[in-house]
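Keep in mind the model is a prediction, meaning the values are calculated, not measured. Counting convention: from 1, in listed order, for ligands and their atoms alike.
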Amino acid sequence: MSKDGIAEFKEKILKKGNLPTHIAIIMDGNGRWAKRRGLPRTAGHKAGVKAVKRVVKAAGDLGISVLTLFTFSQENWRRPKNEVSAIMKLLYETTKREINELDKNNVKLITTGRIEEFSPRRREILQEARERTKNNTGLILNLALNYGGRTEILDAVKKIAGDVKNKRLDPEELSEEIFSHYLYTKGLPDPDLLIRTSGEMRISNFLLWQTSYTELYITDVLWPNFSAKDFYEAIWDYQNRERRFGRV
Ligand code: FPP
């Protein structure tokens, strides 16, 4: 699509209104993209970073409030060691390289997941980026790192049990709203739209509590090929759905 075509699409989306406030993405297909080109899987992740940049820019341009990217799952540690190190290296190098630009564009970077299990040096880079952008008021870019949905729920239950034991919480008062304050995503709205690339029909342990009423959009496009236009198409599809939340 030409630059003008994209600008028109953007106008159409903005005119329609009812933008999703929070979009979450399962970025899948880097490995397949590389394999089809006879390249190592790590080349797919490198190309995936370019897609991340395109989508962050497109989300910021539209005025989306929160973009959560499933960047590294707890299960991803089980990949070959060299692939895990390559993804980590890309993550830290990209964060260091892009932080000025993100900050300039008023993006607030946050993380969701057990980053305390990362090495101190890696944690520091992420913490610095968070600290540096904490007062920004534009797009919230939420990187899910070392994230697992069931672990998040278990961590919440452990904290709740501790608060009940210390009499800081009356179990009778526990509501969905209070429970959600114990999750890593405390303070963020639930995703309105979840996009998954490369055609797999799975949630893969991502935001299990938060996606109970989220609209799903699954595309066959492999993540490294995912363009601003593909992103806009997902949003347009969402805008033309009827959300009933169990009502008629
Ligand atoms: C899924 O493709 C991709 C990942 C598990 C890693 C995503 C990481 C990045 C794009 C790099 C760092 C990101 C940021 C935010 C700077 P896959 O390997 O599962 O693909 P496959 O299913 O085709 O094998």
Gly31: numbered ligand 1 atoms lying under 4.0 Å from its heavy atoms: 17 (P), 18 (O), 20 (O), 21 (P), 23 (O), 24 (O)
Near Lys159 NZ, under 6.0 Å, is it more than 12 heavy atoms from other residues, nucleotides or ligands? yes
Candidate list Leu69, Val52, Ile110, test side chain to side chain contact (heavy atoms under 4.5 Å, CB included), partner Leu141, passing option: Leu69
For Asn166, give me all partners under side chain to side chain contact (heavy atoms under 4.5 Å, CB included), at least two apart in sequence or on another chain. Arg168
What part of Arg79 sits under 4.0 Å from ligand 1 if we count only heavy atoms: the side chain, the backbone, both or neither? side chain
Could you tell me whether ligand 1 has any atom less than 4.0 Å away from a heavy atom of Gly29? yes
Going by distance alone, is a donor N or O of one side chain under 3.5 Å from an acceptor N or O of the other, for Thr151 and Arg114? no
For ligand 1, indicate whether the residue Thr94 contacts it via side chain, backbone, both or neither (heavy-atom separation under 4.0 Å). side chain
What protein heavy atom sits nearest atom 1 (C) of ligand 1, and how far off is it? Met27 O, 3.0 Å
Find out if a path of hydrophobic residues (ILVMFWY) with successive side-chain heavy-atom gaps under 4.5 Å connects Met88 to Leu90. no
Under 4.0 Å from a heavy atom of Asn76: give me the atoms of ligand 1 that qualify, with their elements. 5 (C)
Which of the ligand 1 atoms, numbered from 1, are nearer than 4.0 Å to a heavy atom of Arg32: 21 (P), 22 (O), 23 (O)
Residues 183-191 side chain polar contacts: donor-acceptor under 3.5 Å, at least two apart:
unit_1, atom_1, unit_2, atom_2, d
Tyr184, OH, Asp155, OD2, 2.6
Thr185, OG1, Gln210, NE2, 2.8

Of the protein's non-hydrogen atoms, which lies at the shortest distance from atom 11 (C) of ligand 1, and what is that distance? Val49 CG2, 3.7 Å
Out of Val55, Thr95, Thr71, Leu222, whose heavy atom is nearest to atom 6 (C) of ligand 1? Thr71
Where the side chain of Asn76 meets the backbone of Val84, is there a donor-acceptor pair that is under 3.5 Å apart? no
Atom 15 (C) of ligand 1 sits nearest the protein heavy atom Leu143 CD2, 3.8 Å
Trp33 six-ring centre to Arg37 NZ/CZ under 6.0 Å and within 45° of normal: yes
Between Arg41 and ligand 1, which part of the residue brings a heavy atom under 4.0 Å of the ligand: side chain, backbone, both or neither? side chain
